[in-house]
Amino acid sequence: APTCISGSYGKNKGNGLKNYCCKTSDDCKESCISGKCNDPITSTCISGSYGKNKGNGLKDYCCKTSDDCKESCISGKCNTPIASTCISGSYGKNKGNGLKDYCCKTSDDCKESCISGKCNTPITSTCISGSYGKSKGNGLKDYCCKTSDDCKESCISGKCNSPR
């Protein structure tokens, strides 16, 4: 009886599961140890992101590198929170309009910053709309702003601080 499962040896596809035969770690999802892959069987993670480099893998999705995940790939699994922990609509769009708790890939998706896959900008009801992102320099106190170019004075934490 064979001591390992055939199908991955020398193919360099990075898809060999636990106990598959391997020549190098390039044959396995994880590592090749003594001619066998040591990667856990895929049922321990959710398929759909592995090796695709799309940066959209959620928590417990299978991954080859962190490029497969919204956040990081740790021991073959993404550690990003499940999408239901953030609001969809801004992720990866680079429009700078994501509000607090919206999903984000980078800070370019948010009004303020992207922290651990979520925008930390306050909900717009805390500021007055009309100046955000227009760069007209006419935003008054408590008007929403993206940069100081939107305000008469300066933009601090998404709000103009100039007098009314």
Side-chain angles (χ1 to χ4, degrees), residues 2-124 126-127 132-135 144-150 155-158:
T3 58
C4 60
I5 303 164
S6 65
S8 293
Y9 186 86
K11 293 187 177 176
N12 296 319
K13 291 187 176 181
N15 63 356
L17 303 175
K18 184 176 182 175
N19 294 325
Y20 272 67
C21 302
C22 55
K23 185 176 182 180
T24 69
S25 292
D26 291 337
D27 297 333
C28 305
K29 275 192 151 191
E30 197 169 286
S31 301
C32 181
I33 300 173
S34 301
K36 285 185 185 178
C37 296
N38 72 340
D39 193 33
I41 301 296
T42 55
S43 63
T44 63
C45 60
I46 303 163
S47 64
S49 293
Y50 184 84
K52 294 187 177 176
N53 297 320
K54 291 185 177 179
N56 63 355
L58 303 174
K59 180 177 173 65
D60 295 331
Y61 272 67
C62 304
C63 54
K64 186 173 183 179
T65 69
S66 291
D67 292 338
D68 296 334
C69 306
K70 273 191 167 188
E71 198 168 288
S72 301
C73 181
I74 299 173
S75 300
K77 285 186 183 181
C78 296
N79 71 342
T80 303
I82 298 294
S84 62
T85 64
C86 60
I87 303 162
S88 64
S90 294
Y91 183 83
K93 294 186 177 175
N94 297 319
K95 291 186 177 180
N97 62 355
L99 305 174
K100 180 175 175 61
D101 294 330
Y102 271 69
C103 304
C104 53
K105 186 173 183 178
T106 68
S107 292
D108 291 339
D109 297 333
C110 306
K111 276 194 168 191
E112 199 166 289
S113 300
C114 181
I115 299 172
S116 299
K118 284 185 184 181
C119 295
N120 71 343
T121 305
I123 301 295
T124 55
T126 62
C127 60
Y132 182 82
K134 295 186 178 173
S135 300
C144 303
C145 55
K146 185 174 182 179
T147 68
S148 292
D149 292 340
D150 297 335
C155 180
I156 299 174
S157 299

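In terms of heavy atoms, Lys77 sits closest to Asp60 at CD-OD1, 3.8 Å. The shortest non-hydrogen separation linking Ser107 to Cys114 is OG-N, 3.0 Å. Residue Ser8 comes nearest to Tyr20 through the heavy atom pair OG-CD2, 3.5 Å, listed as atom of the first residue, atom of the second, then distance. Between Cys4 and Gly35, the shortest heavy-atom contact is SG-O, 4.3 Å.
For the cysteines Cys78 and Cys63, the sulfur (SG) atoms lie at a distance of at least 2.5 angstrom from each other. Disulfide check for Cys28/Cys22 fails, with the SG atoms at least 2.5 Å apart.
Between the side chain of Thr24 and the main chain of Asp26, a donor-acceptor pair closer than 3.5 Å is present. Looking at Asp109, its side chain does come within 3.5 Å of a backbone N or O of Asn94 through a donor-acceptor pair.
Separation of atoms CG (Asn56) and SG (Cys103) is listed at 12.0 Å; rounding is to 0.5 Å. The distance from the NZ atom of Lys100 to the NZ atom of Lys111 is 14.0 Å, given to the nearest 0.5 Å. From Ile5, atom CD1 reaches atom SG of Cys21 across 8.0 Å, with rounding to the nearest 0.5 Å.
Residues satisfying the side chain to side chain contact (heavy atoms under 4.5 Å, CB included) criterion with Lys52, sequence neighbours excluded, are Lys54.
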